[in-house]
Chemist: 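My questions will all concern the structure given below.
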Amino acid sequence: MTRVQVITRIVKPALFLLCLLPLVLLLGSDLGANPIQTLERGTGDWALRMLFITLAVTPLQRLSGWNELVRLRRMLGLYAFFYALVHVGIYAILDQGLSLSAIVEDIAKRPYITVGFAVFVSLVPLAVTSTNAMMKRLGGRRWKRLHRIVYASAIGGVLHFLWLVKADLREPLIYLAVLLLLFALRLKPAHWQRLRINLGFQGAGATE
Amino acid sequence: MLIKKPQPIRPSEITAESVYRDRRRLLLGAGLALAGAGLSGDGLAAGFLSGLFGGDEKDKAKEAMPDGLGKYYGSPKNAHSTSEEPSEYEDVTSYNNFYELGIGKSDPAANAELLVTDPWSVRVEGECEKPGNYALEDFLKGITLEERIYRHRCVEAWSAVIPWIGFSLAEVLKRYQPTSKAKYVEFVTLYDPERLPMQRRQGILDWPYVEGLRIDEAMNPLATLAVGMYNDPLPNQNGAPLRLVLPWKYGFKSIKSIVAIRFLEKQPINTWNALQPNEYGFYANVNPAVDHPRWSQARERRLGEWSKRDTLPFNGYAEQVAGLYRGMDLAKFF
């Protein structure tokens, strides 16, 4: 099998199921005394993590020289949107009981919800333009520029988390550190080319 | 310590306490099972999976749940007890903020055995005639325990109804004869970094945990010192062996595992106020009109319930305590 085939026929389907696992496990777990809070936190955590995993694809590609990895990126990105959608859905439906006035007031008055809502809104155009047809319509350059929004989404996601915790900043700060690392990995492609050769990865296009 | 003996009742008449407390859940479970079967596979699947994967802390709490007649069964009911249904014991004992035992909500129950509550003593200090270091049995000597079913409202906007077993704080404070200089009362939690790993770490809270009241607040009949709940001694995660219960204030004021009581001239700085003064004040009276800077305080969610409810001023105890704050700007003195 070529590397492309491994990615598309084995890795992608397996990853599809793997990405669903956190939600399944969350729903099946003991949700505790405050189940809505548990669900909100769980889906929020995974929305952010999926976003980070999506952002890790390109650096991983550059480091390994495996350009085929990009084929996984759309699915991972859409999973980030999926978890964000479930997270917002739980908030709007279960937490706020679909009370529009309560939701609007939250968005207006609570900075962490203002940011959270903005992050969700920012992911919508990214999800909508994720299809092949859309990529063709926009053209490579415009699509790439539009999808740079994801950097702002990731920063917003971390801010949302930072602003909602009561005292213990450890977890959100860990996310911040990871985010900074992911951004650093995107700088200076030339450096990473050199690193790749030094680490002994095969050049791009090599087949077994 | 006076413990009122239970009245003679035929054993056959008694519902097992576990079943009595479980009845809402049993009914709810039956209802959910029907709804789940009717609506979607999710209800049944979730139940099945949760059986498969098990629940950690809630199950632990369930196992620890006392059945049969508790030690404090038969305690007289306090006049201000609410007629609302108490929250589920498993919820109240598996969802706690007790950072000394861990930051997560289920950590205190998981790490409960770290707290050693025997022997225990209470230091009484400051502006009073009878300071001293009192063993807990002596501190509690001659107290009449009552069942006080109070609402409990956390600053995080969740709440519960808890049948505390306790007594009036005023009753005990008066024994130590606070002088006229005693304008405030300060309470201190256990400091035991050897046994409590969180207290060895920096950057969480300033240990030991400290709380305080104005002397008139402390003397209000609603202010309670609790030694038990649900007819049994306090579980460690709920602040054993002795804690404060201030039902009209946010829960962080109801300090747990008290080792010292001090009568002070000046207002003490309570721990959460020291950590974030623009978010947590000294008075911390439940007030739906004054939001936390980062979230609304207008509504709350009862543990175990799905929908939110409106928060009441002073957590519904305005009649008993509003007078303490007459003329005070409650948005300023939050």
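Here is the naming used below: chain letters follow the sequence lines, and residue numbers restart at 1 for every chain.
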Chemist: Looking only at atom types and distance, does a side-chain atom of Tyr112(A) sit under 3.5 Å from a main-chain N or O of Val165(A), one as donor and one as acceptor?
Modeler: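 Side chain of Tyr112(A) to backbone of Val165(A), a donor-acceptor pair under 3.5 Å: no, none is there.
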Chemist: Which atoms of Trp158(B) come close to chain A, meaning under 4.5 Å heavy atom to heavy atom: side chain ones, backbone ones, both, or neither?
Modeler: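 Interface part for Trp158(B): side chain.
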Chemist: Where on Ser307(B) is there a heavy atom nearer than 4.5 Å to chain A: the side chain, the backbone, both, or neither?
Modeler: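 For Ser307(B), there is no contact with chain A at all, as no heavy atom is under 4.5 Å.
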Chemist: Where on Arg294(B) is there a heavy atom nearer than 4.5 Å to chain A: the side chain, the backbone, both, or neither?
Modeler: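 Both parts, heavy atoms under 4.5 Å.
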Chemist: Ignoring hydrogens and geometry beyond distance, is a side-chain donor-acceptor pair present between Thr58(A) and Arg73(A) at under 3.5 Å?
Modeler: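 Yes, Arg73(A) and Thr58(A) have a side-chain donor paired with an acceptor closer than 3.5 Å.
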Chemist: Chain B heavy atoms under 4.5 Å from Leu164(A): which part of the residue, side chain, backbone, both or neither?
Modeler: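 For Leu164(A), backbone heavy atoms alone lie under 4.5 Å from chain B.
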Chemist: Just so I understand: if I count every heavy-atom pair under 4.5 Å between each of Asp95(A), Leu94(A), Asp106(A) and chain B, which residue has the most?
Modeler: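 Ranked by contacts with chain B, first place is Asp95(A).
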Chemist: Would you tell me whether Arg299(B) and Gln96(A) have side-chain atoms, one donor and one acceptor, within less than 3.5 Å of each other?
Modeler: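 Short answer, no.
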Chemist: Is any NZ, NE, NH1 or NH2 atom of the basic residue among Glu300(B) and Arg151(B) found under 4.0 Å from an Asp or Glu carboxylate oxygen of the other?
Modeler: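 Not counted as a salt bridge, because no side-chain N and carboxylate O are separated by less than 4.0 Å.
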Chemist: Counting only N and O atoms by type, is there a donor-acceptor contact under 3.5 Å from the side chain of Arg200(B) to the main-chain atoms of Pro193(B)?
Modeler: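 Indeed, once roles are kept as given, a pair shorter than 3.5 Å links the two residues.
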Chemist: Closer than 4.0 angstrom, basic N to acidic O: yes or no for Glu156(B) and Lys105(B)?
Modeler: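 Lys105(B) and Glu156(B): salt-bridged.
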Chemist: What part of Asn97(B) gets closer than 4.5 Å to chain A, counting heavy atoms only: side chain, backbone, both or neither?
Modeler: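 Side chain of Asn97(B) only, per the 4.5 Å heavy-atom cut-off to chain A.
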Chemist: Between chain A and each of Ile204(B), Asp291(B), Leu205(B), count heavy-atom pairs under 4.5 Å; write down the option with the most.
Modeler: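 Most heavy-atom pairs under 4.5 Å with chain A: Asp291(B).
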Chemist: Would Glu211(B) and Lys249(B) pass as an ion pair if we require N to O under 4.0 Å?
Modeler: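 No, this pair does not count.
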Chemist: In terms of heavy-atom proximity below 4.5 Å to chain A, should Val155(B) be classed as side chain, backbone, both, or neither?
Modeler: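 Only the side chain of Val155(B) comes within 4.5 Å of chain A.
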Chemist: With a 4.5 Å cut-off on heavy-atom pairs, point out which of Leu169(A), Asn34(A), Ile113(A) contacts chain B the most.
Modeler: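 Maximum pair count with chain B is reached by Asn34(A).
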